Amino acid sequence: MNYISTRGRAPQLRFSEILLGGLANDGGLYVPEVYPRFSADELAAMRGMNYRELAFEVLSRLIDDIPHDDLRALIDKTYTAEVYRYANPGENAEDITPLKTLEPGLHVLALSNGPTLAFKDMAMQFLGNLFEYVLDKTHGELNILGATSGDTGSAAEYAMRGKRGISVFMLSPEHGMTRFQQAQMYALQDDNIHNLVIRGVFDQCQDIVKAVSNDLEFKATHRIGAVNSINWARVAAQSVYYFKAYFAATHSNDQSVSFSVPSGNFGNVCAGHIARQMGLPINKLIVATNENDVLDEFFKTGVYRPRPQTKHTSSPSMDISKASNFERFIFDMADRDAEKIRTLWEAVESGGSFDLNADGLFDKIAHYGIVSGSSNHANRIDTIRTVYEVYGTMVDPHTADGIKVGLEHREPGVPLICMETAQPAKFDDSIREAIGIEPVRPAELADLEKLPQRKHVMDADVKAIKQFIIEQAG
Ligand SMILES: *Cc1c(COP(=O)(O)O)cnc(C)c1O
């Protein structure tokens, strides 16, 4: 299996060759040359498999340059009830992603039972084990540099802590994250984890990461790697739970289901698109955005118009105005015309927009079954309250966004599965506002904010950050 770039001018590579890098060197994103496809018989055989068995079936089609026994061992080590241990009462942690049924035909898929209580652990824990395995083979070392406004940083640090050959340098803004999110990162005491708290805002953190990554000589000398949401292994690993949820919500492979996905960078829903390309009977993928509704606008109008300003909302992990994985989907929609993608993203990268109506491309949207909607703060608070009152289930504001938009697109006879992307404990302000209760958090995390913290407060200065990496790198 080869991987090709969406912009058509980078070499074709194998899975292990695209694992550690970010963008292809023509600025595009790697995707499979052709999607592997499960036959009806194969899908029938997958019904009844547990999470690890399903993960092997799906990932061994996408990763064919790691020996099968090794891949199986990496999967078996990752997807355990011990790693995804924060299942709620009534959920079976052995399911890894338990399916909660609110009422017949309406479900919530628990994706946030991992160490940082957000769905990013689903792929990031696998990535940590995969990186360690590959670096072990090559006796290599990697310095992961990233910027976070919340969930990505903690998921990456929990996945990479204590791993041989890997150091993490995570930039976060001095203000803006919740105390719980800060404590999750800064309380880690592992030597290979470096929290750089920047006197500035998230955009400055991200600009520093870009500046360092664009210094190709520094990048090569100091073996700088990335774990941001365009990482193909993350997208691939996320497609597994679409299969798991489908089999849990249906009795027969003649049925189809719809998924509602709280979206920011289009990573999660892109994994759903890939599951469908691999043959999973998905009816609709429902893209749910918050007030940063650039994706909702696209799926309604065919116009993609990234905004210069990002709004701060009560679903901060979706506060994104340019959806980095979106290019993978548009590549398929444009019949994999790399020339076309280059033209479209040239416009976007120079601050503009594109309109797919002009050449009739947007007419194909029906074929891909993606619909969309958005929520505002009041909608999310209402949804948290209603879901609690009617079903006795507490959901976080991101999940509430997905439920609100999902219900608007619900169709009779088609099971609707809403993705739970974080646990309510992470966003307690919204829970208090909606239902006046303090969300329960796992007992082990009771005193998280009181633990000693390990962080380096620094100015937003590229030179100083580079110097820090040189001194501390593994
Ligand atoms: C990252 C995140 C999202 C958005 O996921 P994308 O893959 O970026 O679309 C939604 N909810 C939560 C809680 C997240 O952490």
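Each ligand, and each atom within it, is numbered from 1 in the order the structure gives. Every value quoted in this text rests on a predicted model; they were computed, and no experiment measured them.
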Worksheet item: Which value, rounded to the nearest 0.5 Å, describes the distance between Q206 atom CD and T148 atom OG1?
Response: 10.0 Å

Worksheet item: Taking atom CG of L23 and atom CZ of R7, what is their separation to the nearest 0.5 Å?
Response: 7.5 Å

Worksheet, complete the sentence: Within the heavy-atom cut-off of under 4.0 Å, ligand 1 is lined by F119, K120, D151, P262, S263, G264, N265, F266, G267, N268, S317, M318, H398, T421, A422

Worksheet item: Quick one: are the ring centres of Y241 and Y79 less than 6.0 Å apart?
Response: no

Worksheet item: Is a side-chain donor-acceptor pair under 3.5 Å present for N113 with Q423?
Response: yes

Worksheet entry | S314 versus R380, side-chain donor and acceptor atoms under 3.5 Å | yes

Worksheet item: Do R37's NZ or CZ and the ring of Y35 fall within the cation-pi criteria of under 6.0 Å and 45°?
Response: no

